[in-house]
Amino acid sequence: MDTIKIPAELMPQDGRFGSGPSRVRPEAVAALAKDADEYLGTSHRRPKVRAVVRRLQEGMHELFSLPDDYEILLNNGGATLFWDSLCFGIIRQRSLHLCFGEFSSKFYRAVKEVPHLDEPVLLETPPGTHPVCEAQPGIDTYALTHNETSTGVCMELHRPEGADEDALVVVDATSAAGAMFWDPDEVDIYYFSPQKCFAGDGGLWLGAFSPAAINRIEEIHASSRWIPPTLDMKIALDNSRLNQTYNTPSLATIHLTLSQVDWMLENGGLAWVAGRSAESARIIYGWAEERSFATPFVKDEAKRSPVVATIDFDDAVSADDIAATLRANGIVDTESYRKLGKNQLRVSLFPAIAPEEISALCGCIDFVVERLVG
Ligand SMILES: *Cc1c(COP(=O)(O)O)cnc(C)c1O
């Protein structure tokens, strides 16, 4: 398969199709290079960098059409570290988790080990589906995932009916934020890392917080719970209000992410980006449905992700061989999620990737499959 050479006219312009980190737009890299001499290597406590952080917070606020009293918080560590922060600064006693893939399960497992919390409640369904969020008495935090990046399943976000009055809905939106709609009325914390739809780089977490979520931070801060400062939501809140992080962030990540948010807003905001990813999704799922050797992994169309497509392949053709051949031709990171163990490709439909690039990729897969099977 190393010898299969995809003709240049079939190739996408850029070979990066990974579901995280995302392809970064060259314009964003160029903008960083242009500002580098005055921006990189300067203090994150000084007005120049803080102004960039403020623009990023305001840009996110606008992109998500947030109510005035929602705040954008940020700190170092990415979504994975944010889970630990939720364990210390948001979950009061008992959380409920919808688990339907690797990321949602990882958060559940992190909570399960925390000595100061009660055993979390688990609602789980097999990969390719998602559980329904049902309220239970005594749950103070509902943990949802907007898009399960490991399986390509997305879900609609709603407060569970009959939940305790001050229960919070916290949503891992790491791969969904910036390409999927959501209603702030239904969510208290919508958190993500910037290396997916926002095509920045890793290392940071950001989140939109409702007034109820801010109240919870204050409440737990005032309690006797010991909280390590790096995970302390109150410290993150106070710093975010000053357009800073507790310790030094990657200035490059912040700049790249702001470039992407500005690009989204200039082109028409969330409706535009969501439309762009939805168009890529129509292309790849439509392609898979037309091919005898491929099918979308997620059977229910409403749950098929517009940001991460998972495509199953017929036994006659090995998805690993397709991915390896693509990789040998410079088309990288189409391998399925390693722990899922399916004969599958996983393709990112993040906004930085134009729909025409997805069409080109489908053409390349056709070319490769014909030669692998033939
Ligand atoms: C990528 C991803 C994460 C992990 O993000 P990190 O920045 O690597 O911590 C968590 N949840 C989801 C849904 C993701 O897609």
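Values reported hereafter were calculated over all heavy atoms of this structure, with side chains retained and with hydrogens, waters and symmetry mates removed.
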Legend entry - N329 side-chain N/O to G15 backbone N/O, donor-acceptor pair under 3.5 Å: no

Inset, instruction - Using atom types as modelled and distance alone, determine if a side-chain donor or acceptor of Y108 lies under 3.5 Å from a backbone N or O of C99. - result: no

Legend entry - Note, W182 side chain near V171 side chain (heavy atom, < 4.5 Å): no

Inset, instruction - Could you give me the CA-CA distance, side-chain angles and deciding distance for V52 and D35, then say whether side-chain contact (heavy atoms from CB on, under 4.5 Å) is met? - result: CA-CA 11 Å; V52 175; D35 289 353; over 6 Å; no

Legend entry - Expected output: side-chain S175 to main-chain N147 donor-acceptor under 3.5 Å: yes

Legend entry - Side chain proximity check, S250 to L204, heavy atoms < 4.5 angstrom: no

Inset, instruction - Would you mind reporting whether L56 and H255 have side-chain heavy atoms less than 4.5 Å apart? - result: no

Legend entry - Ionic contact status for D366 with R291, cut-off 4.0 Å: yes

Legend entry - ring-ring contact (aromatic ring centres under 6.0 Å, His included) between W205 and W83, intermediate numbers included: CA-CA 10 Å; W205 62 256; W83 292 330; over 10 Å; no

Inset, instruction - Taking H130 for its side chain and H146 for its backbone only, find out whether a donor-acceptor pair lies under 3.5 Å. - result: no

Legend entry - Residue pair S318, D320: steps toward the side-chain hydrogen bond (donor to acceptor under 3.5 Å, both in side chains) verdict: CA-CA 5 Å; S318 154; D320 286 348; 5.0 Å; no

Legend entry - Within 6.0 Å of CD in E156, more than 12 heavy atoms from elsewhere: no

Inset, instruction - Report yes if the side chains of H44 and P249 come closer than 4.5 Å at any heavy-atom pair, otherwise no. - result: yes

Legend entry - Any donor-acceptor pair under 3.5 Å from D69 side chain to P211 backbone: no

Inset, instruction - Using a strict 4.0 Å threshold on nitrogen-to-oxygen distance, state whether R16 and D14 make a salt bridge. - result: yes

Legend entry - Expected output: side-chain N343 to main-chain V317 donor-acceptor under 3.5 Å: yes

Inset, instruction - Walk me through it: do Q195 and D201 pass the test side-chain hydrogen bond (donor to acceptor under 3.5 Å, both in side chains)? - result: CA-CA 5 Å; Q195 75 274 17; D201 212 346; over 6 Å; no

Inset, instruction - Please examine the side chains of S292 and D314, heavy atoms only from C-beta on, and report whether any two atoms are closer than 4.5 Å. - result: no

Inset, instruction - Please determine if R55 and E58 form a salt bridge, counting it only when a charged side-chain N lies under 4.0 Å from a carboxylate O. - result: no

Legend entry - More than 12 heavy atoms from other groups under 6.0 Å of NZ on K299: yes

Legend entry - From SG (C133) to CG (L157), nearest 0.5 Å: 10.0 Å

Legend entry - same_hphob_cluster(Y337, L345) at 4.5 Å side-chain heavy-atom cutoff: no

Inset, instruction - Using a strict 4.0 Å threshold on nitrogen-to-oxygen distance, state whether R216 and D188 make a salt bridge. - result: no

Inset, instruction - Measure the shortest side-chain to side-chain distance between P194 and T253 over non-hydrogen atoms and say whether it is less than 4.5 angstrom. - result: yes

Legend entry - H221 atom NE2, over 12 foreign heavy atoms within 6.0 Å: no

Legend entry - Lys/Arg-Asp/Glu bridge criterion (N-O < 4.0 Å) met for E335, R327: yes

Inset, instruction - Group every Ile, Leu, Val, Met, Phe, Trp and Tyr by side-chain heavy-atom contacts under 4.5 Å, then state whether L258 and L66 land in the same group. - result: yes

Inset, instruction - Give, for atom CG of D84 and atom CD1 of I227, the distance between the pair rounded to the nearest 0.5 Å. - result: 12.5 Å

Inset, instruction - Using a cut-off of 6.0 Å, state whether more than 12 heavy atoms not belonging to E289 lie near its atom CD. - result: yes

Legend entry - Residue pair A199 / L256: nearest heavy atoms and the distance that separates them: O-CB, 4.4 Å

Inset, instruction - Please answer: with hydrophobic residues joined when any side-chain heavy atoms are less than 4.5 Å apart, are V111 and I220 in the same cluster? - result: yes

Inset, instruction - Answer yes if W287 and F297 sit in the same cluster of Ile, Leu, Val, Met, Phe, Trp and Tyr residues linked by side chain heavy atoms under 4.5 Å apart, and no otherwise. - result: no

Inset, instruction - Identify whether L237 and L242 are in the same connected component of the hydrophobic contact network (ILVMFWY, side-chain heavy atoms under 4.5 Å). - result: no

Inset, instruction - Measure from the side-chain N and O atoms of Y39 to the backbone N and O of L251, and report whether any donor-acceptor pair falls under 3.5 Å. - result: yes

Inset, instruction - Using a strict 4.0 Å threshold on nitrogen-to-oxygen distance, state whether E219 and R225 make a salt bridge. - result: no

Inset, instruction - Give me the ring orientation class for F82 and Y191: parallel if the planes are under 30° apart, tilted from 30 to 60°, perpendicular past 60°. - result: tilted

Legend entry - Contact summary for G200 and T257, nearest pair of heavy atoms: CA-OG1, 3.8 Å

Inset, instruction - Return the orientation label for the F107 and H97 ring planes: parallel under 30°, perpendicular over 60°, tilted otherwise. - result: perpendicular

Inset, instruction - Hey, could you give me the NZ/OG1 distance between K106 and T80, rounded to the nearest 0.5 Å? - result: 5.0 Å

Inset, instruction - Decide if the gap between the ring center of F198 and the ring center of F192 is smaller than 6.0 angstrom. - result: yes

Legend entry - R346 side chain reached by T149 side chain, heavy atoms, under 4.5 Å: yes

Legend entry - Separation between CE of M180 and CE of M155, rounded to the nearest 0.5 Å: 10.0 Å

Inset, instruction - For the pair E279 and R276, evaluate salt bridge (Lys or Arg N to Asp or Glu O under 4.0 Å) and give the outcome as yes or no after the intermediate values. - result: CA-CA 5 Å; E279 174 62 14; R276 186 171 159 99; over 6 Å; no

Inset, instruction - Could you go through the side-chain hydrogen bond (donor to acceptor under 3.5 Å, both in side chains) check for N75 and N239 one step at a time? - result: CA-CA 8 Å; N75 204 5; N239 277 280; over 6 Å; no

Inset, instruction - Drop me the distance from S336's OG to D312's CG, to the nearest 0.5 angstrom. - result: 9.0 Å

Inset, instruction - Please name the pair of heavy atoms, one in F350 and one in C197, separated by the smallest distance, quoted to 0.1 Å. - result: CD2-SG, 3.7 Å

Legend entry - Donor-acceptor under 3.5 Å (Q57 side chain, I72 main chain): yes

Legend entry - Over 12 non-hydrogen atoms of neighbours within 6.0 angstrom of CD in E9: yes

Legend entry - D164 side chain near D140 side chain, heavy-atom distance below 4.5 Å: no

Inset, instruction - Working to the nearest 0.5 Å, report the span between OH of Y70 and NE2 of H61. - result: 9.5 Å

Legend entry - T334 side-chain N/O to V347 backbone N/O, donor-acceptor pair under 3.5 Å: no

Legend entry - Under 3.5 Å: donor-acceptor pair, side chain of R159, backbone of D185: yes

Inset, instruction - Could you tell me which non-hydrogen atom of S85 sits nearest to which non-hydrogen atom of L231, and how far apart they are? - result: OG-O, 2.6 Å

Inset, instruction - Would you please test E148 and S104 for side-chain hydrogen bond (donor to acceptor under 3.5 Å, both in side chains) and show each step? - result: CA-CA 7 Å; E148 192 23 280; S104 44; 2.7 Å; yes

Inset, instruction - For the pair K112 and E119, find out whether any cationic side-chain nitrogen is under 4.0 Å from an anionic carboxylate oxygen. - result: yes

Inset, instruction - For P351 and G178, work out which heavy atoms get closest and say how close. - result: CG-O, 3.8 Å

Inset, instruction - Write down the atom of I311, the atom of A294, and the distance for their closest heavy-atom approach. - result: CG2-CB, 3.9 Å

